[in-house]
S.K.: 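Questions regarding the structure given below will be posed in turn.
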2 protein chains.
Amino acid sequence: MSDLKEAKASKAKPLKNVLLAGLYNQPRSGYEMTKWLQMAGQHCWSVEHSSVYPALRELEKDGLIKSERAPGTRGPERSIYSVTDAGREELTAWVANGSPRPAIKDEQILRVLCFDLLPRETALQQIRAVRADHQAQLEFFLERQAVLTEHQLGPLLVTRRGVLAEQAYIAWCDEVAEMIARRPT
Amino acid sequence: MSDLKEAKASKAKPLKNVLLAGLYNQPRSGYEMTKWLQMAGQHCWSVEHSSVYPALRELEKDGLIKSERAPGTRGPERSIYSVTDAGREELTAWVANGSPRPAIKDEQILRVLCFDLLPRETALQQIRAVRADHQAQLEFFLERQAVLTEHQLGPLLVTRRGVLAEQAYIAWCDEVAEMIARRPT
DNA sequence: ACAATCATGTAATAAGTTACATGATTAA
DNA sequence: TTAATCATGTAACTTATTACATGATTGT
């Protein structure tokens, strides 16, 4: 049954590799990791804290990361995780492999597909709200971009992805709005 | 942050609404639906056939869609599903609500974050392969776009989203390649 | 005849969310 | 002192994937 199973690195739990990548970038607590994935990394791998904490403990149990207790400078005590040498090896192997295409789950696009079910003004309002949401996200990425240099190449490129993705989404929203506005009633 | 959250409507089983939207756009069999979601709709809602068939049967049981047996013109007999009046109502309510932000799961971005773990040439090869993949997808969308008119506004806008998204991804790949190439060894 | 594709289905498992909990610290 | 945020955790549940199956039809 499970003979070749868990020798090493074979069965990729995607979240584990994501966390490894995040911690390699910078040591973080579970809380900070969650925030990072939900803010800066929203466009990489969105996840809830209830998935993060157990995964971190497993990674530590596997010896891929280690934790240090840090007194809370502005908050209670927390565990700061960082990647071990073994974790770095695992991570390198994972990074060297190509990815499958990202799995997208965007309901909004399907809503637009059916916009002829709505009165024009309702549809327009919705797409404007969506645009505003992505505009806010774009501004967040632009601010990060402004403080990053080529010395932090990884974070800079991740942020660039955020900028380009949000700009593309906004451009699409504008096209949608324009076409809807021109639509015959 | 945003007021896109929810307004009270269908207890969202997301896939069901996605299928409803797809069938409203055009009646399809389970097989065709799966293909559509994996090709044209890859950038909307990726899913496996094993999720599609049970969901379709549930939708039919709920009276939101109905099926007709069609003799296989080029294949065995299949069931063609289409949206009922009740389904259309449900769909309209769903379309009227805003979406939460799309949940993205893109390992590739995290790999790029850690590209300093790889030799320059390995990283470049990988990003070139990713670029080629998205280039192929872009060409697929461009071909669809060419045969659509403003009379099929929904499908056209969905296709435009594909085009813009792939162009943005390709532009990012190019930035990554350029920065990696300039990176000091 | 054979492979490829069309077409559908089920079972076991994986992965992640929601809801439920707890408690500490900080700013008003 | 009260609310907000920091910080972590568990249990039940939902959702979707992988692997396993079956069989028909079409092109070569």
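Chain A is the first sequence line, chain B the second, and so forth, proteins listed ahead of strands; every chain is numbered from 1.
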S.K.: Please produce a list of atom pairs where a protein N or O lies less than 3.5 Å from an N or O of nucleotides 18-21 of chain C.
M.R.:
{"from": "dT18(C)", "atom 1": "O4", "to": "Ser50(A)", "atom 2": "OG", "distance (Å)": "2.8"}

S.K.: Give the rounded distance in Å between these two atoms: CZ of Arg57(A) and C1' of dA7(D).
M.R.: 13 Å
S.K.: When you compare the side chain of Asn17(B) with that of Leu91(B), does any pair of heavy atoms fall below 4.5 Å?
M.R.: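 Of all side-chain heavy-atom pairs linking Asn17(B) with Leu91(B), none is under 4.5 Å.
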S.K.: Do the side-chain N and O atoms of Arg101(B) and Gln108(A) include a donor-acceptor pair separated by under 3.5 angstrom?
M.R.: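 Result is no, nothing qualifies.
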S.K.: Taking the side chain as everything from C-beta on, heavy atoms only, tell me whether Arg111(B) gets closer than 4.5 Å to Glu107(B).
M.R.: yes
S.K.: Starting at the 5' end of DNA chain C, which residue's closest nucleotide do you reach first, Ser79(B) or Lys105(B)?
M.R.: Ser79(B)
S.K.: Mind calculating the distance between CG (Leu59(A)) and P (dA15(C)) to the nearest angstrom?
M.R.: 13 Å
S.K.: Going through the checks in order, is the salt bridge (Lys or Arg N to Asp or Glu O under 4.0 Å) test met by Asp62(A) and Lys16(A)?
M.R.: CA-CA 11 Å; Asp62(A) 297 346; Lys16(A) 284 197 180 188; 3.1 Å; yes
S.K.: Scan for salt bridge (Lys or Arg N to Asp or Glu O under 4.0 Å) pairs involving residues 134-151 of chain A, sequence neighbours excluded, and state none if there are none.
M.R.: Glu150(A)-Arg182(B)
S.K.: On the nucleotide dT15(D), are OP1 or OP2 found under 4.0 Å from the side-chain N or O atoms that Lys13(B) carries?
M.R.: yes
S.K.: Is it true that Glu60(B) and Ser67(B) share a donor-acceptor pair across their side chains at a distance under 3.5 Å?
M.R.: yes
S.K.: When the distance from OH of Tyr31(A) to P of dA4(D) is rounded to whole Å, what number comes out?
M.R.: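 Whole-Å distance recorded here is 14 Å.
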S.K.: Using atom CG of Leu19(A) as one end and atom C1' of dA15(C) as the other, report the distance to the nearest whole Å.
M.R.: 13 Å
S.K.: In degrees rounded to 10°, what angle is found between the helical axes fit to the five outermost pairs at each end of the helix from dA1(C)-dT28(D) to dA28(C)-dT1(D)?
M.R.: 40°
S.K.: Is Tyr53(B) reachable from Leu64(B) through a run of I, L, V, M, F, W or Y residues, each pair having side-chain heavy atoms under 4.5 Å apart?
M.R.: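 Hydrophobic grouping puts Leu64(B) apart from Tyr53(B).
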S.K.: Is the positively charged end of Arg160(A) above the ring of Trp172(B), judged by distance under 6.0 angstrom from the centroid and angle within 45° of the axis?
M.R.: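 Judged by the rule (NZ or CZ under 6.0 Å from the ring centre, within 45° of its axis), Arg160(A) is not positioned above Trp172(B).
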S.K.: In whole Å, I'd like the distance from the CD atom of Glu32(B) to the C1' atom of dC6(C).
M.R.: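 In whole Å, dC6(C) C1' lies 10 Å from Glu32(B) CD.
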S.K.: Report the distance from atom OH of Tyr81(B) to atom C1' of dT8(C), rounded to the nearest whole Å.
M.R.: 9 Å
S.K.: Whole Å only: how far is the CD atom of Gln38(A) from the C1' atom of dG16(C)?
M.R.: 13 Å
S.K.: I'd like to know if the side chain of Asp116(B) pairs up with that of Tyr24(A) as donor and acceptor (distance under 3.5 Å, no hydrogens or angles considered).
M.R.: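 Asp116(B) vs Tyr24(A): donor-acceptor pair found between side chains.
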S.K.: Report the distance from atom CD of Glu58(A) to atom P of dT10(D), rounded to the nearest whole Å.
M.R.: 12 Å
S.K.: Less than 4.0 angstrom between a side-chain N/O of Tyr53(B) and OP1 or OP2 of dT8(C), yes or no?
M.R.: yes
